[in-house]
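These numbers come from a predicted model, not from an experiment.
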Amino acid sequence: QEMGHENVIYLGVPEDDTAVGINRRNGVIDGLRNNNDSIHIRVLESDFTSELAERVIDEALMENQPSVIICATDRIALGARRAILRHNLSVPEDISLTGFGGYDLATLVTPPLTTIKFENEKTGERVEGITIMVDGVIKELFDIIKREKKEYSNNVSIVQDALMKG
């Protein structure tokens, strides 16, 4: 959208894969539509193979030429790239192309595929750290509640004793 892309194809995967088929697609579409009401986004579906992605984009390019194709994975993007080249178009001059994953295979083509790299291990470590921290906070909260309950019980006992003696 910052580069003036108004005609976009998002090539995703079936919704039975929640992370990639739903969440990633929705994130991309929401991000593209943010502050850009005039953008036209065509959502197409492939599987996780480059072969089907190539066929889907081949058919789409017969209908119209987008300014950018955003693919759910790098492998899908490589299939889309083959279709783009078959139509005598070039990446990135005629059509911008991007994938998700940041895998080494993205560097095997010229020019290298634009890709969004995930730091899965770091993300997992952060989630684990947050989980440990939350567990610690919850444990401390329960300890405080127990102490306060015990103190309250002791105070009630002292008041009851004083009233009975009084």
Side-chain angles (χ1 to χ4, degrees), residues 1-139 141:
Q1 135 188 16
E2 289 178 11
M3 297 178 69
H5 294 297
E6 296 293 327
N7 186 10
V8 178
I9 288 180
Y10 176 77
L11 184 55
V13 298
E15 290 186 353
D16 59 345
D17 184 308
T18 304
V20 180
I22 298 173
N23 298 341
R24 185 172 299 169
R25 180 200 61 217
N26 291 346
V28 168
I29 291 171
D30 291 348
L32 290 169
R33 287 205 171 120
N34 188 26
N35 299 321
N36 189 350
D37 296 329
S38 65
I39 195 165
H40 172 67
I41 305 168
R42 187 171 171 203
V43 177
L44 302 176
E45 191 174 290
S46 178
D47 55 14
F48 286 91
T49 67
S50 63
E51 293 79 16
L52 182 55
E54 182 177 358
R55 288 195 303 272
V56 169
I57 294 301
D58 187 47
E59 289 175 20
L61 290 175
M62 289 180 199
E63 295 173 27
N64 73 352
Q65 181 180 322
S67 58
V68 63
I69 299 174
I70 301 170
C71 300
T73 69
D74 288 347
R75 183 175 307 280
I76 291 170
L78 291 174
R81 184 179 181 280
R82 284 194 307 267
I84 292 167
L85 296 176
R86 187 175 324 100
H87 283 261
N88 294 316
L89 299 167
S90 65
V91 176
E93 291 82 4
D94 297 315
I95 300 177
S96 296
L97 177 66
T98 187
F100 282 82
Y103 303 109
D104 291 341
L105 66 97
T107 63
L108 299 177
V109 294
T110 303
L113 178 65
T114 300
T115 181
I116 298 168
K117 183 173 183 169
F118 291 111
E119 300 285 346
N120 290 333
E121 285 184 29
K122 287 183 183 176
T123 302
E125 289 169 6
R126 287 185 188 124
V127 169
E128 182 181 12
I130 290 169
T131 302
I132 290 169
M133 183 180 72
V134 168
D135 286 348
V137 168
I138 290 171
K139 182 183 179 311
L141 210 69

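- Put simply, the side chain of Ile9 does not reach to within 4.5 Å of the side chain of Ile95, judged on heavy atoms.
- For Thr98, the side-chain hydrogen bond (donor to acceptor under 3.5 Å, both in side chains) criterion is met by no residue, not counting sequence neighbours.
- Note on residues 69-83: pairs passing side-chain hydrogen bond (donor to acceptor under 3.5 Å, both in side chains), not counting sequence neighbours, are Ser50-Arg82, Glu54-Arg82, Asp74-Thr115.
- Residues Ile70 and Phe100 are in side-chain contact: their nearest non-hydrogen atoms beyond the backbone lie under 4.5 Å apart.
- Checked against side-chain hydrogen bond (donor to acceptor under 3.5 Å, both in side chains), His40 has no partners two or more places apart in sequence or in another chain.
- Between the OG atom in Ser90 and the CG atom in Leu85 there is a gap of 8.0 Å [rounded to 0.5 Å].
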>> Would Val109 and Val91 count as a side chain to side chain contact (heavy atoms under 4.5 Å, CB included) here? Give the steps.
In response: CA-CA 11 Å; Val109 294; Val91 176; over 6 Å; no

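- Checked against salt bridge (charged side-chain N to carboxylate O under 4.0 Å, His left out), Glu51 has no partners two or more places apart in sequence or in another chain.
- Residues meeting the side-chain hydrogen bond (donor to acceptor under 3.5 Å, both in side chains) test with Thr18, sequence neighbours left out: none.
- Looking at residues two or more places apart in sequence or on another chain, you find a side chain to side chain contact (heavy atoms under 4.5 Å, CB included) between Val56 and Leu11, Leu44, Leu52.
- At least one side-chain heavy atom of Val20 sits less than 4.5 Å from a side-chain heavy atom of Phe48.
- When the salt bridge (charged side-chain N to carboxylate O under 4.0 Å, His left out) test is applied to Glu93, no partner is found at least two apart in sequence or on another chain.
- Within the 4.5 Å cutoff, side-chain heavy atoms of Glu45 are placed close to those of Pro14.
- Considering only residues two or more places apart in sequence or on other chains, Arg55 meets the salt bridge (charged side-chain N to carboxylate O under 4.0 Å, His left out) condition with none of them.
- Residues passing the side chain to side chain contact (heavy atoms under 4.5 Å, CB included) test with Pro92, sequence neighbours excluded: Pro111.
- For the salt bridge (charged side-chain N to carboxylate O under 4.0 Å, His left out) test, no residue two or more places apart in sequence or in another chain qualifies with Asp47.
- Across Tyr10 and Ala72, no two heavy atoms sit closer than the pair OH-CB, 3.5 Å.
- Every residue two or more places apart in sequence or in another chain that forms a side-chain hydrogen bond (donor to acceptor under 3.5 Å, both in side chains) with Glu15 is listed here: Arg25.
- Taking CG of Asn34 as the start and CD1 of Ile29 as the end, the distance is 13.5 Å to the nearest 0.5 Å.
- Two residues are said to be in side-chain contact when any heavy atoms from C-beta on lie closer than 4.5 Å; Val8 and Val28 fail this criterion.
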Under 3.5 Å donor-acceptor pairs involving side-chain atoms of residues 59-66, not counting sequence neighbours:
from  : atom 1 : to    : atom 2 : distance (Å)
Glu63 : OE1    : Arg42 : NH1    : 3.4
Glu63 : OE1    : Arg42 : NH2    : 2.9
Gln65 : NE2    : Asp94 : O      : 3.4

